[in-house]
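Below: one structure, written as structure tokens.
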There are 2 protein chains.
Amino acid sequence: MSAEDNLLKLVEVEEPDDQDYLLQEQVGFILRKAHQRHVAIFAAHIGDLTPPQFAALAKLRDVGETSQNQLGTLIAMDAATVKGVIDRLKARGLVELSKHEVDKRRLLVNLTAEGRDAIERLIPQAREITKETLAPLSAKEVTTFMKLLAKLA
Amino acid sequence: MSAEDNLLKLVEVEEPDDQDYLLQEQVGFILRKAHQRHVAIFAAHIGDLTPPQFAALAKLRDVGETSQNQLGTLIAMDAATVKGVIDRLKARGLVELSKHEVDKRRLLVNLTAEGRDAIERLIPQAREITKETLAPLSAKEVTTFMKLLAKLA
DNA sequence: TTGATATCATTTGCATACGAATGAGTTTTC
DNA sequence: GAAAACTCATTCGTATGCAAATGATATCAA
């Protein structure tokens with residue numbers, strides 16, 4: 001191989017073209033898979049509630065009664081999505097709705113007694129889910145990962 | 001406040017019970033938000049194709065003709081989901097379907113000329129999307145993050 | 001060879017997820 | 001105080017994502 005060929009090869013290696021795009025190495029693709037794995041772990045522990053439904057209950061426990069819209073902001077769900085989630089929780093008697101007396105646009109959401117019981121009972125399970133999701137990492141790796149993931153979210 | 005009260009308070013603080021579950025610090029919740037952010041970045045760059053549709057085209061470019069099921073395995077989609085994705089790509093003329101001659105159960109999928117053009121044209125955009133998604137991290141952090149994320153996925 | 005098992009694809013049902021449009025009510029601004 | 005701008009909630013349409021059931025075909029094992 002001539003010196004020119006070597007130079008050419010170096011240039012090719014250092015300037016990857018379209019041939020080198022590997023789907024399975026892209027953040028988006030791996031992020032999607034990691035999320036899928038988490039959802040599967042969640043479902044294995046808590047079969048009768050989805051992660052978004054759990055998030056809604058957990059946040060209501062934190063903040064108490066709020067408007068549907070505000071709740072959506074707190075759990076990163078758009079208005080259309082949060083409505084569906086709350087509808088299903090209401091149908092199961094875990095939350096109750098009421099109208100804001102002053103601002104008539106707002107729909108207030110709150111836990112029912114049953115909803116409060118449910119979320120208190122589920123929180124230990126949720127800790128377990130977090131633990132299992134992070135199980136492939138060492139304690140130190142967990143700290144690092146959470147710090148970096150938070151920067152991306 | 002009595003000494004006993006102080007002791008009680010300390011115990012409560014140092015042995016977090018259910019009161020201390022913070023949704024916004026759980027992996028699953030942040031993972032969901034990071035994924036949402038990535039999808040938004042994707043949509044801003046590539047408006048007429050979703051990440052799963054892109055993944056299907058990119059993988060077909062890598063491996064050439066495969067069965068629908070096999071493609072699903074390669075891009076981490078279950079059979080029901082991959083069918084919908086392929087249906088929509090077919091309706092747009094980006095992939096074509098044919099029957100496997102030997103194994104009559106299999107439905108073969110391949111890029112059309114148009115599909116191949118599309119994916120080649122989109123790959124530079126996809127690099128940009130990956131770059132923008134990872135923009136909050138330094139080069140060193142990216143390396144660390146990708147290594148740990150891969151362990152979780 | 002045939003009966004049990006496994007695989008591939010499809011369909012149905014349910015649950016996010018989000019853009020866009022709409023209607024009702026509130027706040028701002030001039 | 002009236003018009004403009006904004007906010008809250010709802011609805012519609014489209015696209016994942018997965019469990020479960022089904023039908024067609026292949027493969028394995030007795």
Applied to residues 65-83 of chain A, the salt bridge (Lys or Arg N to Asp or Glu O under 4.0 Å) test, sequence neighbours excluded, yields A/Lys83-A/Asp87

| said: Ring-plane angle category for B/His35 and A/His35, please: parallel below 30°, perpendicular beyond 60°, tilted otherwise. | reply: parallel

So ring-ring contact (aromatic ring centres under 6.0 Å, His included) across residues 111-148 of chain B, not counting sequence neighbours, yields A/Phe145-B/Phe145

Comparing A/Pro51 with A/Lys104, nearest DNA chain C nucleotide closer to 5' gives the residue A/Pro51

The contact string for nucleotides 17-24 of chain D, one letter per nucleotide 5' to 3', using protein heavy atoms under 4.0 Å with B, S and - for base, sugar-phosphate only and none, comes out as BBB----B

task = Respond yes when some side-chain nitrogen or oxygen of A/Gln70 is under 4.0 Å from OP1 or OP2 of D/dT7, and no when none is.
result = no

With five pairs defining each end axis, the helix from C/dT1-D/dA30 to C/dC30-D/dG1 comes out bent, to 10°, by 20°

Check the side chains of B/Gln24 and B/Lys33 for a donor-acceptor pair under 3.5 angstrom, ignoring hydrogens and angles. no

Is B/His100 close to B/Leu107 at the side-chain level, that is, under 4.5 Å between some pair of heavy atoms? no

dist B/His38:NE2 -> A/Leu31:CG (nearest 0.5 Å) comes out at 7.0 Å

Among the nucleotides D/dA9, D/dT10, D/dT16, whichever has the atom closest to the side chain of A/Lys83 is D/dT10

Q) Should B/Lys104 and B/Lys99 count as side-chain neighbours, where that means a heavy-atom distance under 4.5 Å? A) no

Discussion item. Less than 3.5 Å apart, any donor N or O on the side chain of A/Gln26 or B/Thr130 sitting next to an acceptor on the other?
Written reply: yes

Exercise. Could you tell me whether A/Val102 contacts a base, only the sugar-phosphate backbone, or nothing, with contacts defined as non-hydrogen atoms closer than 4.0 Å?
Key: sugar-phosphate

What residues 89-98 of chain B contributes to the DNA chain D interface at heavy-atom separation below 4.0 Å is none

Bounded by its outermost nucleotides with an atom under 4.0 Å from a heavy atom of chain B, the footprint on DNA chain C reads C/dT7 to C/dC18

| Non-hydrogen side-chain atoms of A/Arg106 and A/Asn69 separated by less than 4.5 Å | no

Q. Quick one: do A/Glu114 and A/Arg92 make a salt bridge, cutoff under 4.0 Å?
A. no

